[in-house]
Structure formats: C-alpha cells, structure tokens
Amino acid sequence: MIDYHKFTLGNGLRVVVHLDKSTPLVSMNVLYMVGARDESPDRTGFAHLFEHLMFGGSANVPVFDQPLEMVGGENNAFTTNDLTNYYLTVPWQNIETGFWIESDRMYQLAITEKSLGIQRDVVVEEFKQTHLNQPYGDVWLLMRPLAYKAHPYMWSTIGKEPSHIENATISDVIKFYKKFYNPNNAVLVLSGNIELNRAKELSEKWFGNIKNQGVVSRDLPVEPVQKEPRTLEVVRNVPQDAVYMAWHMCKRNSPEYHAMDLISDILGSGNSSRLYSELVMKRKMFSELTAYITGSIDEGLFVIAGKLNPGVKIPESREAIADQINKIKLVEVGERELQKVKNRIEASHIFSQTNITEKAMNLAFYEILGDAGLVNQEVEKYMAVSEKDIKNTASRFLNDDNSSLLIYKSTQTD
Amino acid sequence: MIDDNRFRTQRPHADKIQMVNLPEPKVYHLSNGIPVFFIRSGEQELVKIDFNFDAGSYFEPQPLVAHFTNKCMREGTSSFNSKQIAESLDFYGAYLKVFTSRDDAQLTLFCLDKHLDNILPILHEVIFRPVFPEDEVETIVKKSLQQHLVNLKKVSFLSRQIFPSVIYGKTHPYGKYAKPDDYADIPRQLLQDFYETSYKSSSFRIIISGNPVSDPIEKLNRFFGRHKIEKSKTLKYSAEILPKSQREHFVKSEGTLQSAVRIGHAIFNKKHPDFLKLQVVNTILGGYFGSRLMKNIREDKGFTYGIGSALVSFQHGGMFFIASELGNAVTGQAITEIYKEIEKLRVSYVEDEELELVKNYILGNLLRSADGPFALSELLKAVLDYDLDMGFYNEFIRIVKEISREEVLNIARLHLDPNSMYQLVVGDDLST
C-alpha cells in the first residue's frame, strides 16, 4: 500500500506526494503525457529526440545537470510510445534545486541550433547502438508496421528511420514544446523524505505561475480490426532463426488487461512457464522463448518471441507454439498454476515498493491512467481473475486472424 | 496570473550533504562456523539472502566450468528435478539469481518473508545436493552457446570480452575468455567435480538483508548449519601478467556501424591506499553524466550515445578502462579526444567548482547506493570480498571531502599514464 496525497495547481498541474521518512532522499518525477504515438508519420522519433533536448538548458539554468550534481543529485529520463518521463533523486535538504531546474525547463526551455545539431547526432548514434548495430535489433522496426496499419504504434519510440531525426528542424521543436510541455499535460510526483506542506509550498512557488497553454487534444487513428493473419519474412546476418508473433489485445484500462498479463506469465515468464519448460527444456526446440505484453495505454500487443535451436525448422516451431496457444484456449488452467502467476505478481508488486523512484514512477503512471490510487488496487485486480477468465480471454484474442508473424531467417541456416 | 519570473534567476539555497551512518551488520555464526551477516532494513516484509563461494572462473580447470556449475545447481538435486525446483520458486514468487565472476560465485534469493519457510528446503537442496543431470546440463550448455553466438555479433560484447586478455594476457585467469569451441566439451562430471572441490566442503558466506518477521538466523542454522565444513583451501595459481607487447589492437567485426573502443590498463584493487583517491579522479574523467568524457565526446561533438570510465577490483588486481561505442567515421577523432582528456588531468589542476561538484555528486551517489533494504547488502558484499568492513565507506567519505586539486593531479600522474595504456577497437574498417 502506497499512501499519498494529491492536489492540483491553478494551471492544471497535478501533484502527487508520497512521504517515506526511512530514506534521506527525495525522488521527483515529472511525467509529460506525450510519446511516440503523438508524432506525425513523417517526423517519427521526435518525442524521444525532444527528451534529449530537455537536457540542453533552460532560461535560467544554462546547464541542466550541473546545479543538481552540485547538490548531490542525479537524474535521467525515458520516452515510450505513450509518455515521456523525467526523474531525479536528491538528498532531501536540497529538493528545492530539483524544483528549480524541473520547473525552469517547463517554464522556458532554451532551444539552440547547436544543441539540436548535437542531439540529432547523439540520437542517430543511439539508433545505431540500440537498433541497427545489434543482432535482432530491428525486430520492432519490422513488427510494429506489420501489426499496426493505422494507429501510430506502427513506429518505435526511436523512430522509423534515422533520416526522420536528421531532418528535425528548430521550428518543429518549438511547436512540439508549446503543444505538449505544459503544466496541464503533466503530472508531478514527489516520493521520499518530504512533508506534504513543504511539497505544496514548493510546487506552488516553482510550478504555480507557469502558463497553461490549453488542453491537448488527442484524436489518434483507431486501429481497424485485423481480419486475416499477416506474415513477414526477412533474412539477416544473425546466427539463429527466430520467430516473433504478436496478437492485438485490449487497452491498458480494459478489464481484460490483467487476464492477458497473467496468460503471458503462464505461457512465458519464469523457468516453470509452459513455453520454457516444454519447448526450451523438454523438447529443446528453442534456446530462448518468452511471452509478454507491451502494456501500452491504447490497444497493445501480446507477444511471443523465440530463437530456434540449430536444426529446428520454422514450421515445426510455429506448430509447437500454436499447440500451447490452443491448449490455453481450450483447457482451463489449473488452480495451482493460476495461483502461481498471481503470487509472482504479488511479490513483484511488493518488491517494487522498496525503491522511492519506482514508487514515484508508478504513482505518475497510474495518475495518467486515471487515478494515482489505482496503484493500490492493481494486485486485487489480478487476484480476481478466474480460471474461466483466462480461457475466455485467451480465446477472444489469441486467434490466427488477429496475429502477425515475423520470421527472422538467419543467413547461416538453410 | 502573476507573470514575474525574476525569482527563477535565484539558485535555491542548498545545504552541505549530510551523510547517514552506514550500519555495520550483525555477525552470527551457524553451528558449523559459517558466518552470517545480517542487515535489518526496509519496511516491507521481504528478504534477500546471498550465498557466496570462492568458486569463480579463477579456480576452474577449463573455461566455463565455474559458470555452468553455478548455473546448473538448480537443474536437479537428490530430491527434486529441474522443473519442480523452478515450479516451487515461481509458486512462492521467489527469485533465485545465480552469478559467477572471476573470483567468486553467488546464489541470491529474493523472497517474501512469509514464504521463506517453503523456499529454504529447496535452497538447501540446490546448494548441498545438486546432481547435475546430464540432459539438463546439455540443454543449458547448448542454449548458452546460442546466446554466445548472438553476443559475438555485438561489438560491445567483443570488446568487453577481449580487453582483459589484452592487458592481462590470454593465459592469466583474469585474461582468458570462453570461445564457442569451449561449449563443446562440458560433461556433467566436470561440473560435479568442480562442485565437490569449490562448493561442497568449502566455507562460504551468507549475507541476509530485509525485514523478516521471525528470526532468520535460527532458520538458516537449521538448513545450512549442520553441514560439515572443511577448512577452505587456498588454491595456488601461477598468475603472471603477460600483456601483449603491442599497445594498439584492432579486431575486425564485419559490417558493423559502430566501433566499440576500450582504453586502459591493469591496476590495483580497492585495498590499495590510492584506490579511493583514484575513484575520485575516475569520476571526474568518466564516472558520471557530466564527466569530462561525456561533455567532450557526447555533448560537444555528438560522436556517441554514451562514454564512461571505470575502476574494477579483482582479488588479485583490477582494471581501469574507458569504454564507448562510436560511429565508425568518428572513431579516430574520438580516440584522440580521449587521450587529450587523460592528458589534461595530468597537466592541469581541476577547477575548484568542478572538484566541488564531483565531491557532492559522489556523496549523493553514496547515499543513493545505500538506500533501500537491499542496497546496503550490495555495499557490504563489495567490502567483505576484500576483508574490509563498512568503515571503508566512511573512509571514502573522508577522502572525498578532503581531497585537493594537487592530490587529483598527483594521482592522475601516478596512475593514469597513457603510455602504459592499451587500446582495443572492435569494428569494421576504420578508414571509411
């Protein structure tokens, strides 16, 4: 259970405060509700590029990290398809420095041609390091446009291709900042050694007079229902053949979400999961095989990913996975097996509460899902899933007509 | 709405960083003499238990034996098979992490305290009665080979693997590394034998941290205190450092878009009197986001997504190195800049403001690395490995607070001589 207080400033900034006196630190988390799904199709990778520019200095803080490091703090950020999240931790006495630098870049970011030029280069190197210069690194650059035909989840956070980043202009940057980086499009969370009154006073002082630029409207294309299976086959210079399968599933806020998450755990999370124990250890068809869900806010994907052992053919590997899918759709999961994946959820939920930064991120994420308090209901929602729910939900989503298959062939196998 | 933002020009007042006291653990001994270090911390009813054995790759008769012995202990015991062990751990939401380094091997359990009684019997079997079943061992080795083959396509992996052999020599226990052929010959008996000599009758160490409700020492004694421990033997190895005479090395990796670069040399471990001072110098150079290397190579030139430097300790030595992945076209320029940054530390005093910032950053970072119930146990492990205690960190705090710009210069001159460093580049043709 995470105790918290919530209030909203006049400009619409929502603030969530969680007091934890056991730590000498405070974690500050600013989540902006903007991600790769808000990009235009010919300027992809922009939300993430913009995250880099947020470290280039602001009106009164010429070097973002410097004042924070000077008082013992550290910070970082990440971008997903749905959101951009900035976080810092600092000794509790010096939290006001965190307020100063975070509010200043929301108030007035300093955007220069030089900083844009450098960060374009840095992000292109990041693109290479994480997606192009890695074996299997382009899987999601291929899978997303296969599975999504209308919704902007069809591209990755890093972007469709490096040229989109290379072509970003300063006017794009300014427009994006004005549209999305506003107090009413953000959530501020403080977690750690900070009293509510001090959090209120500092939030009001530093964030209170930042202008509200109006409501961000989000009218994203709806993904049409998939009517037939899709397949894409590519050949790459990698040592092993691999298969990636994805099925469309529900939104993050849908009641079926928790059942789908548990199905992915039953099938492919942990050494006792069905896919691992049957197809990796017993039948030795795969060297790695996992199942997971993307967990995105709009309709996400249920994914199975596996690398084939030498000598195993693609069709037999697909058949073996299909058997496991059919089994979970046709035969009710046993009580103990369901209890097992629920216990794992409970444990990881409790472990996630040992860290103030993780608590802050969770509160921010559930706040944009609707209410920070949802974080405390999450385990209950998993516990309520029944054997029947597992079977019915699997039957609803895990169908061939709803599936995309990426066959990743190695140049080294025949 | 008020539109007066002049107050924003005023940097908020900041306090000196107040360090917290790092608690010394309570030390117990099980009936057979096994030492248990207990750190009670945190609010959630969770426990983390570390078992540490002198069973790292330093002691193995041939490559990968230490790694697979550690990894396969959970693949079957006298009473449980691989699947039963996995199922029980998963059922109780427990997580068993196994890890082998050059010097030691570790099994770490993360578990809700309420399930500890159900997990300890399994853990006892894994640690004292593994049988290394042939089929499971073969499957694990084969699947690891596949992962190894994938890793060989990564320039970062190649440079990480090859660099120690450049500075220690291929025959030194810290310099040798596994090749695909080494996976072909790992019979189960080899693992069983290594287990018998390095685990079964050897002394080991337990660290327990978290906030258990009932007495964990009594429980540990029941499962791990009855076993007879023979005095641990010190294995002698002729560990002569035979680095390559050549300083610059290039390993070709066909068709790669970036080159992985490592520059550095062998160095002393954390027991050396200059270690902590060198840690401060290392931080200035490449130990944090605002470091000189990051500022120059990433933030000023855009040559890389990241660059850093590190000090790594081993029982019988250590490494200092700089590492980065760089665009092929700019690798040469970046290497020139890296040497310039090392040289700069050796000829000019660090500015007062920069030194002050690094001091504060390190102190803040120490607070962060001591925060949370399991962080302290990591800090403790890092000193117990070297027969040091938590006082090591108080000494670090003292040194960080007191170190002067003269000492920084002096330490850089003494221990970071570019002429004694080795350079490894893994990538495609650098002339493009």
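Basis for what follows: all heavy atoms, side chains included, without hydrogens, waters or symmetry-related copies. Chain identifiers are assigned alphabetically (A, B, ...) following the order of the sequence lines, protein sequences preceding nucleic acid strands; residue numbering begins at 1 within each chain.
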**Request:** Determine whether the side chains of A:Thr23 and B:Asp371 contain a donor N or O and an acceptor N or O closer than 3.5 Å.
**Result:** yes

**Asked** Can you tell me if B:Asp90 uses its side chain to pair, donor with acceptor, with the backbone of A:Ser272 under 3.5 Å?
**Response** yes

**Item:** Part of A:Val280 within contact of chain B (heavy atom distance under 4.5 Å)
**Value:** both

**Request:** Mind ranking B:Thr139, B:Leu89, B:Asp135 by heavy-atom pairs under 4.5 Å with chain A and telling me who comes out on top?
**Result:** B:Thr139

**Prompt:** Who among B:Ala370, B:Gly327, B:Gly372, B:Ala94 has the most heavy-atom pairs with chain A under 4.5 Å?
**Reply:** B:Gly327

**Prompt:** Looking at the rings of A:Phe64 and B:Phe289, which for Trp means the six-membered one, are their centres under 6.0 Å apart?
**Reply:** no

**Asked** Side-chain donor-acceptor pair under 3.5 Å between A:Glu288 and B:Gln146, yes or no?
**Response** no

**Message:** What I want to check is whether the side chains of B:Glu353 and A:Gln66 have a donor and an acceptor closer together than 3.5 Å.
**Reply:** yes

**Complete:** Most heavy-atom pairs under 4.5 Å with chain A, out of B:Ile362, B:Leu152, B:Asp300, belong to B:Asp300

**Prompt:** What residue, out of A:Lys307, A:Arg120, A:Lys205, has the most heavy-atom pairs lying under 4.5 Å from chain B?
**Reply:** A:Lys205

**Request:** For chain A, find which of B:Ile17, B:Val150, B:Leu366, B:Thr9 contributes the most heavy-atom pairs closer than 4.5 angstrom.
**Result:** B:Val150

**Asked** Using non-hydrogen atoms only, which part of A:Tyr276 is less than 4.5 Å away from chain B: side chain, backbone, both, or neither?
**Response** side chain

**Request:** Answer yes if the side chains of A:Thr97 and B:Arg11 hold a donor-acceptor pair under 3.5 Å, and no otherwise.
**Result:** no

**Message:** Can you see whether A:Asn209 engages B:Asn5 through a side-chain donor-acceptor pair at a distance of less than 3.5 angstrom?
**Reply:** yes

**Request:** Say whether, by atom type as modelled, one donor and one acceptor occur between the side chain of B:Arg8 and the main chain of A:Trp206 under 3.5 angstrom.
**Result:** yes

**Fill in**
Highest number of heavy-atom pairs under 4.5 Å with chain A among B:Gln84, B:Gln18, B:Lys142 belongs to B:Gln18

**Item:** Residue, of B:Val358, B:Leu363, B:Thr304, B:Ile85, that accumulates the most heavy atom pairs under 4.5 Å with chain A
**Value:** B:Thr304

**Message:** Assess, by modelled atom type and distance only, whether the side chains of A:Glu69 and B:Tyr288 contain a donor and an acceptor separated by less than 3.5 Å.
**Reply:** no

**Message:** Could you tell me if A:Asn237 and B:Lys153 have a donor-acceptor pair between their side chains, going purely by distance under 3.5 Å?
**Reply:** yes

**Most contacts with chain B, counted as non-hydrogen pairs under 4.5 angstrom, among A:Val71, A:Val123, A:Ile350** = A:Ile350

